[in-house]
Amino acid sequence: MRIGILHEHPEWFLPLFGALNRRRIEHVRIDATALRWDPTERPAYDLLVNRMSPSAYLRGHGHSIFATGAYLQYVESWDVPVVNGSAQWRLEISKSAQLDLFDALGMPFPRSRVINHASQALAAADRLQYPILIKPNIGGSGARIQRFERWEDLGAAVAGDTLDLGIDATALVQEFLPAADGSITRLELLDGHLLYAIRITPPADHGFNLCPADICQTGHGAPEAVRPTDRGGPTQVEGMCATRPAMQIEATEAPAEVLEMARRLARRAGLDVCGIEYLIDGRDGRPSFYDVNALSNFVTEAPRIVGFDPFDRFVDYLESRLAVLP
């Protein structure tokens with residue numbers, strides 16, 4: 001049995017390849033930035049694992065985002081099973097679709113509107129409470145989110161043509177919720193079960209990149225690796241992080257009702273593996289979901305933060321998928 005790993009990021013999945021090599025599981029790396037396939041030929045593997053990132057456009061690989069959808073549909077047309085297939089990829093690259101899912105399941109989320117032209121931003125923000133966020137529909141690592149404190153600020157951006165609606169010209173107009181203690185929680189689920197929960201606390205001036213694999217960043221905003229201290233906070237690793245850590249990350253627990261909502265979402269969306277993020281609204285203490293990540297690149301130095309290597313458990317899951325194939 002052979003596994004195909006579809007990916008774009010050059011570093012996030014090195015631990016996955018290492019875990020597969022240790023188990024001596026045959027696999028092939030598929031570069032999502034340079035795809036080529038013949039629709040009349042069956043894929044040369046028995047299981048495909050989709051690890052494509054919606055933030056690929058930040059690394060000059062925007063062309064791979066839409067091609068990934070076509071490639072996944074090609075693989076599925078041959079009845080080759082896919083871990084997080086085309087339906088899950090469509091959810092990954094649409095914050096609008098994520099809101100639809102939250103609403104269908106009765107999950108709390110920030111008040112939002114969806115637009116496809118900057119001229120609609122002010123009307124969409126009507127009756128929303130400022131600050132307002134403009135979030136590109138295709139995001140990834142908190143990229144290109146803009147915050148506006150007042151109606152006048154948003155109006156100036158519309159007039160000045162400086163709103164960024166992202167690569168599909170679609171965006172959310174969404175209320176900014178003040179997170180209690182400035183922290184958010186990410187629930188990582190695998191096969192419908194909680195793998196781990198982490199609490200992420202960025203500095204006040206950090207911005208919106210809360211990717212758990214990007215614990216610290218260079219002065220130019222490019223993420224690098226970092227090692228957490230024995231006390232749970234991150235510290236620099238020689239040769240790996242040249243600046244102060246951008247985020248503090250620690251293991252945590254989620255309330256049972258919040259975890260159950262996340263599990264229902266994963267089941268409804270057919271997500272084999274995912275990261276679901278929520279925050280506690282500092283104004284009223286209520287949870288609010290705001291992001292679904294079909295790409296689970298797992299937290300840096302997970303054994304020291306959550307007590308185990310999630311890549312090993314992910315490979316356990318992949319082996320179980322292989323075991324039931326004819």
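We're numbering straight along the sequence, starting at 1. Keep in mind the model is a prediction, meaning the values are calculated, not measured.
The backbone N or O of I3 sits nowhere less than 3.5 Å from a side-chain atom of E26 that would complete a donor-acceptor pair. A side-chain donor-acceptor contact under 3.5 Å links S112 to the backbone of P110. Listed for the N84 side chain is a donor-acceptor partner under 3.5 Å among the backbone atoms of D272. When atom types are taken as modelled, the side chain of D46 and the backbone of R2 share a donor-acceptor pair closer than 3.5 angstrom. Judged by distance alone, the side chain of T68 and the main-chain N or O of S64 form a donor-acceptor pair under 3.5 Å. With hydrogens and angles disregarded, a donor-acceptor distance shorter than 3.5 Å links the side chain of Q88 to the backbone of G85. Under the 3.5 Å distance criterion, the side-chain polar atoms of W78 are matched with a main-chain donor or acceptor of P39. Without hydrogens or angle criteria, E92 side chain to L295 main chain gives a donor-acceptor distance under 3.5 Å. Panel note: side chain N21, backbone F17; a donor-acceptor pair is recorded below 3.5 Å.
The side-chain hydrogen bond (donor to acceptor under 3.5 Å, both in side chains) pairs that include a residue from residues 152-166 are R150-D153, where partners are two or more places apart or lie in different chains.
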Point to revise | Pair R186-N293, side chain to side chain contact (heavy atoms under 4.5 Å, CB included): steps then yes or no | key: CA-CA 10 Å; R186 178 168 172 133; N293 300 275; 3.4 Å; yes
Check your understanding: side chain to side chain contact (heavy atoms under 4.5 Å, CB included) between L177 and L279: does it pass, once the steps are laid out?
Key -> CA-CA 8 Å; L177 302 186; L279 57 82; 4.0 Å; yes
Practice item. Take I134 and L165, measure what side chain to side chain contact (heavy atoms under 4.5 Å, CB included) needs, and give me the verdict at the end. Key: CA-CA 8 Å; I134 305 295; L165 303 191; 4.1 Å; yes
Practice item. Would you please test Y57 and I65 for side chain to side chain contact (heavy atoms under 4.5 Å, CB included) and show each step? Key: CA-CA 8 Å; Y57 67 94; I65 291 177; 3.8 Å; yes
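Taking S86 as the reference, E76 meet the side chain to side chain donor-acceptor pair (under 3.5 Å) condition, with sequence neighbours excluded. A search for side chain to side chain donor-acceptor pair (under 3.5 Å) contacts involving H61 returns E8, not counting sequence neighbours.
Linking ILVMFWY residues whenever their side-chain heavy atoms come closer than 4.5 Å, directly or via other members, places L172 and L101 in the same cluster.
Considering F109, F102, F289 as possible partners of Y278, the one that fulfils the ring-ring contact (aromatic ring centres under 6.0 Å, His included) test is F289.
Crowding of W37 atom CH2: a count of heavy atoms from other residues, nucleotides or ligands under 6.0 Å exceeding 12. In R283, the CZ atom is crowded: over 12 heavy atoms of neighbouring residues, nucleotides or ligands sit closer than 6.0 Å. In the displayed structure, E253 atom CD is contacted under 6.0 Å by at most 12 heavy atoms of other residues, nucleotides or ligands.
Between P81 and L47 the shortest heavy-atom distance is O-CD1, 3.5 Å. The two residues H7 and F13 have their closest heavy-atom pair at CB-CD1, 3.9 Å.
Residues V315 and F311 have side chains not in contact (no heavy-atom distance under 4.5 Å, counting atoms from C-beta outward). For the pair L6 and V49, the minimum side-chain heavy-atom distance is 4.5 Å or more. Side-chain contact check for M1 versus L325: some heavy-atom pair is nearer than 4.5 Å.
The pair R267-E260 meets the salt-bridge criterion, since a charged nitrogen lies less than 4.0 angstrom from a carboxylate oxygen. Contact check on D291 versus K95 returns a salt bridge, with a Lys/Arg side-chain nitrogen under 4.0 Å from an Asp/Glu carboxylate oxygen.
For the residue pair R59 and S55, a side-chain donor N or O sits within less than 3.5 Å of a side-chain acceptor on the partner. Residues S183 and D181 bring no donor and acceptor atom of their side chains to less than 3.5 Å of each other. A donor atom on one side chain and an acceptor atom on the other are found under 3.5 Å apart for Y290 and E277. Judged purely by distance below 3.5 Å, without hydrogens or angles, the side chains of D168 and N137 pair a donor atom with an acceptor atom. Under 3.5 Å, the side chains of R321 and Y317 contain a donor-acceptor pair of N or O atoms.
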